[in-house]
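Contents: one structure, followed by commentary.
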Number of protein chains: 2
Amino acid sequence: MLTERQLLILQVIIDDFIETAQPVGSRSIAKKNNVRYSSATIRNEMADLEDMGYLEKTHSSSGRIPSERGYRYYVDHLVSPRETAGNIHIIRNIMQDGLFEFEQIVQSSAEILSRITNYTSIILGPEVFETKLKQLQIVSLSENTAVAILVTNTGHVEHRSFSVPEAIRASDLEKMVNILNDRLRGVPIFKLHEMLNTEIINLMTKYVTDFDTTYDYLKAVFFSENPVKLYFGGKSNLLMQPEFNDIDKVRSFYSMIEKEDEIANLLKGAADGIKVSIGHENEVDAIKECSLITATYEMNEEQMGTIALLGPTRMEYKKVIALLDTLSTEMSDVLYMWYKNNE
Amino acid sequence: MLTERQLLILQVIIDDFIETAQPVGSRSIAKKNNVRYSSATIRNEMADLEDMGYLEKTHSSSGRIPSERGYRYYVDHLVSPRETAGNIHIIRNIMQDGLFEFEQIVQSSAEILSRITNYTSIILGPEVFETKLKQLQIVSLSENTAVAILVTNTGHVEHRSFSVPEAIRASDLEKMVNILNDRLRGVPIFKLHEMLNTEIINLMTKYVTDFDTTYDYLKAVFFSENPVKLYFGGKSNLLMQPEFNDIDKVRSFYSMIEKEDEIANLLKGAADGIKVSIGHENEVDAIKECSLITATYEMNEEQMGTIALLGPTRMEYKKVIALLDTLSTEMSDVLYMWYKNNE
DNA sequence: CATTAGCACTCGGCAGGGCAGAGTGCTAAC
DNA sequence: GTTAGCACTCTGCCCTGCCGAGTGCTAATG
């Protein structure tokens, strides 16, 4: 257990290091006006904190820097989320602005998030899971091409162009779409597949000639798994951090960032609430010298997506945690409103 | 005017430097088996080439590197575009694969382009200019929200969610959309605005109550300028180039790359055919140490978009120029087929 | 007279040494 | 328990000397 004084010193060191990225020496701590001990005392305490694993030295006579364990302690015990008044306003503003362009909201949230924090922001989702089908449609473009459009109750639109095989009659397609619309409107997207395979098939065979081909085709067009979307903001922000002065780190890091699917998996597992992964707590190698802070947002108590910030382990945890907290509840609120509107 | 021998030497130097990124010395040139002169002779010629501005030294006793003027000469006189058999196949494959998912074609073209070349690829467009309206539609989501969908004959789908003001009646909206569909189907997108303002207005006022509000609203929803899309491939490829060993260059470069609108402007002006901009020929500061090669692609003889590759001035011009040449004609072909299909 | 061999010279890069500054750990004094 | 003081350690920087790669010039060559 840490004494009051050790706590204070740990806090000061971490705050200082987060700000300056330089090892912190005992003398500079002693100079702070909320510290009333001499540098010698502080040196002793620092040695103890190092023994306990909260601090590290970069070399034998350097100042101390926080260890990952130190950050962990800091985040768990010394950070009390309290948002700055300015930010909440900015966030509110984005949120209210274009309520009706969901993807744009997400994109600009990501951008603003990265601008406020100077880290890289990643937003996953929203998953189309809980949303319901509003309308299916096929618009024919020419004799043998058409575009299929799927609209959900959240205003999300998916579309896909395809070629219409000779074997399929336009009238059959139309019939099928009509039936599907009839039966599937209001059905949650994730149930579509199931419904199709059970209830709808029987119905269709009755009305549509050459059912099999047409059905297979439609299924492929409408219900192909489409990858969850990732939105990035400030991808180059991390470059500016002094820990990325080493060009090779930059290289390995950025070749990783380009692999969107890995990132998506990383964020997909996120638990409810805010979670902080510090350095080696992360499972992906390329970000083992970074911290990842994730927050989820939800709609009507159903988790929809994840907001994350990626920065160096020397991250402004206080600020960032508060910010993500605000943003995620704000997004959830907006989504809830939306949901109620469209019920 | 350059002598035969100078030409040879210039070519060898540039080829060598493009490969190794190291200054080229007279001895190493003399060793090549297509060079039959001693290192002393070559030194003399190199001095002359330097006087003429085609070569540079990094310091007084270093080997030579090509100047920008040298590259220019190289590109203009020494590059004869001839594509490698392998690449054209790869390209054909992408092109035929998913003819019906245009945006995906473009995206994966960008990715493959960057993978073959190890540079950063940028594709602009396709512009929706020459394409024609196929269908407008409004799907109502709830009492006061709806989503507007616009489909073009190329299978391109635009959509936008919006809130329906109290003042507007659903029936009016519907009527308007019907009229618009009637009158505007087949009209090129770029003429929509004009047509609306002249012919359609009169017609509408007759049938729709409270015309003004509704009209303004629809116009905003359907015909808002939407920015041209940029597709990137291999953004981090340039990091791997040795000229980016300097972290500050990397920083300024990447903060520039993030400004999509600037890049878009850069590519928008591209003339027909292939154009090579070397180093300071580029107007944007951040890429004054890079070369940008642009090629346009067209549909039915109308320019639609631009493909570009961004690399260090020490770029594999031969390979890249051939590649872009193939890709742009290939894309144009595909688009032409598409066009004929949908006429 | 164009080409080449030879040589003096230049410069970058690297390793080693010396020095200043920041910081520690320990001991002894308060 | 706290602090002052001192010896010690390590980094970063600059300076030096040296090696190797490459040039430019001159004089010899076919």
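Keep in mind that the numbers below use all heavy atoms, side chains included, and drop hydrogens, waters and symmetry copies. Protein chains get the first letters and strands the later ones, always in sequence-line order, with residue 1 at the start of each.
Taking side-chain N and O atoms only, B:Arg5 has no distance below 4.0 Å to OP1 or OP2 of C:dA2. At C:dT4, none of the side-chain N or O atoms of B:Arg43 fall inside 4.0 Å of OP1 or OP2 (strictly under the cut-off). Here A:Thr41 reaches the OP1 or OP2 of D:dT3: one of its side-chain N or O atoms lies under 4.0 Å away. Note on A:Arg64: every side-chain N or O is 4.0 Å or more away from OP1 and OP2 of C:dA22. One finds no side-chain N or O of A:Lys57 lying less than 4.0 angstrom from the OP1 or OP2 phosphate oxygen of D:dT11.
One finds a salt bridge joining A:Glu281 and A:Arg72 here, because a Lys/Arg side-chain nitrogen approaches an Asp/Glu carboxylate oxygen to under 4.0 Å. At a threshold of 4.0 Å, the pair B:Glu56-B:Arg64 does not count as salt-bridged, since none of the basic side-chain nitrogens sits closer than that to a carboxylate oxygen.
Checking C:dT24, D:dT23, C:dT4 against every side-chain atom of B:Tyr37, the shortest atom distance belongs to C:dT4. The side chain of B:Asn44 sits closest to C:dT4 out of D:dT23, D:dT2, C:dT4. Nearest nucleotide to the side chain of A:Met46, out of D:dT23, D:dA4, C:dT24: C:dT24. Of the candidate nucleotides C:dT24, C:dC11, D:dT3, C:dC11 has the atom nearest to the side chain of B:Ser61.
The distance from atom CZ of B:Arg27 to atom C1' of C:dA5 is 13 Å, rounded to the nearest whole Å. The NE2-P distance, from B:His59 to D:dT23, rounds to 10 Å in whole Å. Nucleotide D:dA21 holds its C1' atom 16 Å from the CD1 atom of B:Ile65, rounded to whole Å. Spacing between atom CD1 of A:Ile42 and atom P of D:dG1 amounts to 18 Å, rounded to whole angstrom units. In this structure, B:Glu56 places its CD atom 18 Å from P of D:dG22, rounding to the nearest Å. Counting to the nearest Å, the P atom of C:dG23 and the CD atom of A:Glu50 are 15 Å from each other. Look at CD on A:Glu45: it is 15 Å from C1' on C:dG25, rounded to the nearest Å. The distance from atom CD1 of B:Ile29 to atom P of D:dA21 is 16 Å, rounded to the nearest whole Å.
A pairwise comparison of heavy atoms in B:Ile247 and A:Asn245 identifies CD1-O, 3.8 Å as the closest pair. Taking all atoms of both residues into account, the shortest heavy-atom contact from A:Glu243 to A:Lys249 is O-NZ, 3.6 Å.
At a threshold of 4.0 angstrom between heavy atoms, the contacts of A:Ser60 are confined to the sugar-phosphate backbone, with no base atom among them. B:Ser26 comes within 4.0 angstrom of sugar-phosphate atoms only, judged by non-hydrogen atoms across all strands, and of no base.
A cation-pi arrangement is present between A:Lys235 and A:Phe232, with the terminal nitrogen or guanidinium carbon under 6.0 Å from the aromatic centre and inside a 45° cone about the axis.
When each of A:Ala40 and A:Pro23 is assigned the nucleotide of DNA chain C bearing its nearest heavy atom, the one mapping closer to the 5' terminus is A:Pro23.
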